[in-house]
Amino acid sequence: MWQTEPADSTLTCPFCGLACDDLRVATDGVDRPTLVNGCATAQQAFSTALAQAPGSPQIAGRPVALDAAITRAADLLAAAHAPLFGGLVADVNGMRAIMDLADHQGALLDHVGGDALFRNLLVLQDSGWMTATLTEVRNRADLILLLGNQCTHRFPRLIERVLLPTDALFSPPGQRSLVLLGGWDQESLPAALAAANPTLIPVANADLAGVCGLLRGLIAGRPVRTNAIPGVSGLQLEDLAGRLRTARYTVVIWAAAELDFPHAELTIQGFVELVRDLNRTTRAAALPLAGTLGDVTVNQVCTWQTG
Ligand code: SF4
């Protein structure tokens with residue numbers, strides 16, 4: 001694709017799950033083609049992929065011809081009763097091909113980022129959830145609650161493409177409220193986020209579940225000890241609960257990979273329940289992200305093809 005696509009065609013980037021569809025290969029026919037609009041992650045990933053030799057198959061650590069490697073792999077698969085396909089850092093087409101083979105062989109699948117992915121999937125399995133697409137968040141959210149502090153690092157164009165795009169259909173980005181609930185301070189704030197003047201509520205990831213419980217109590221009108229979590233301002237939580245009640249469309253976003261502590265799925269479940277609570281009187285949705293290396297893409301393909 002890098003070598004043969006016309007200069008004015010666009011590419012959809014497969015690397016983090018945001019599926020940025022405005023990447024372009026620019027070439028003047030002399031120098032090596034360059035990637036336009038790709039973030040640093042995309043630049044590095046495309047460069048790495050293109051720099052690799054077409055294939056360097058090995059058997060027992062020794063380089064062999066591709067035909068020999070395929071024959072050996074086919075023999076191993078034919079003899080296996082329960083093969084496991086790991087890694088799975090693939091785009092949609094790659095994962096479709098792997099699924100075909102797995103289906104044929106009765107293989108199990110385990111993405112390298114499966115731990116993070118399953119923090120989300122356990123909640124989906126257990127109670128279901130109300131989620132939004134990236135486009136819906138971009139066009140409709142008027143209050144965005146960002147959990148933790150790694151979403152914008154793991155999904156480098158999240159701010160530009162989803163949180164604060166230059167335009168949106170139903171919710172002007174200039175009037176959008178951002179609340180950052182995590183390990184942020186003014187110094188660590190990316191400039192693009194700082195420009196939106198977000199509300200910072202510093203809280204350790206392990207305390208997010210407690211914060212969520214207090215918010216749900218406040219929204220339900222119950223008596224709540226808002227200062228119950230050391231270091232978290234009760235006044236800020238009361239203010240946030242009020243904003244959640246009056247927002248037209250709240251979206252709660254997290255990257256499950258950074259919620260790396262025991263039983264983190266219960267934290268996720270709390271915020272999924274918060275979204276459900278809000279939908280009794282207004283509109284709200286979750287945007288569950290995982291860790292990247294194509295984990296969300298791989299999971300979507302599994303869902304389409306196997307349910
Ligand atoms: S943000 Fe993600 S999808 Fe977009 S260009 Fe970067 S790696 Fe690719």
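When a ligand or atom number is given, it counts from 1 through the structure's own listing order.
- Here D22 pairs with R157 in a salt bridge; the nearest charged N to carboxylate O distance falls below 4.0 Å.
- Within the 3.5 Å criterion, the main-chain N or O of A116 finds no donor-acceptor partner in the side chain of N120.
- Between D239 and R243, at least one side-chain N (NZ, or NE/NH1/NH2) sits under 4.0 Å from a carboxylate O, which counts as a salt bridge.
- Between N279 atom CG and D277 atom CG the span is 9.0 Å, to the nearest 0.5 Å.
- Around atom 6 (Fe) of ligand 1, protein atoms of type N, O or S found under 2.8 Å number 1.
- Judged purely by distance below 3.5 Å, without hydrogens or angles, the side chains of T199 and Q236 never pair a donor atom with an acceptor atom.
- Contact atoms of ligand 1 toward A19: 3 (S) (distance under 4.0 Å to a heavy atom of the residue).
- The structure places OG1 of T166 at 8.5 Å from CD of E160, a figure rounded to the nearest 0.5 Å.
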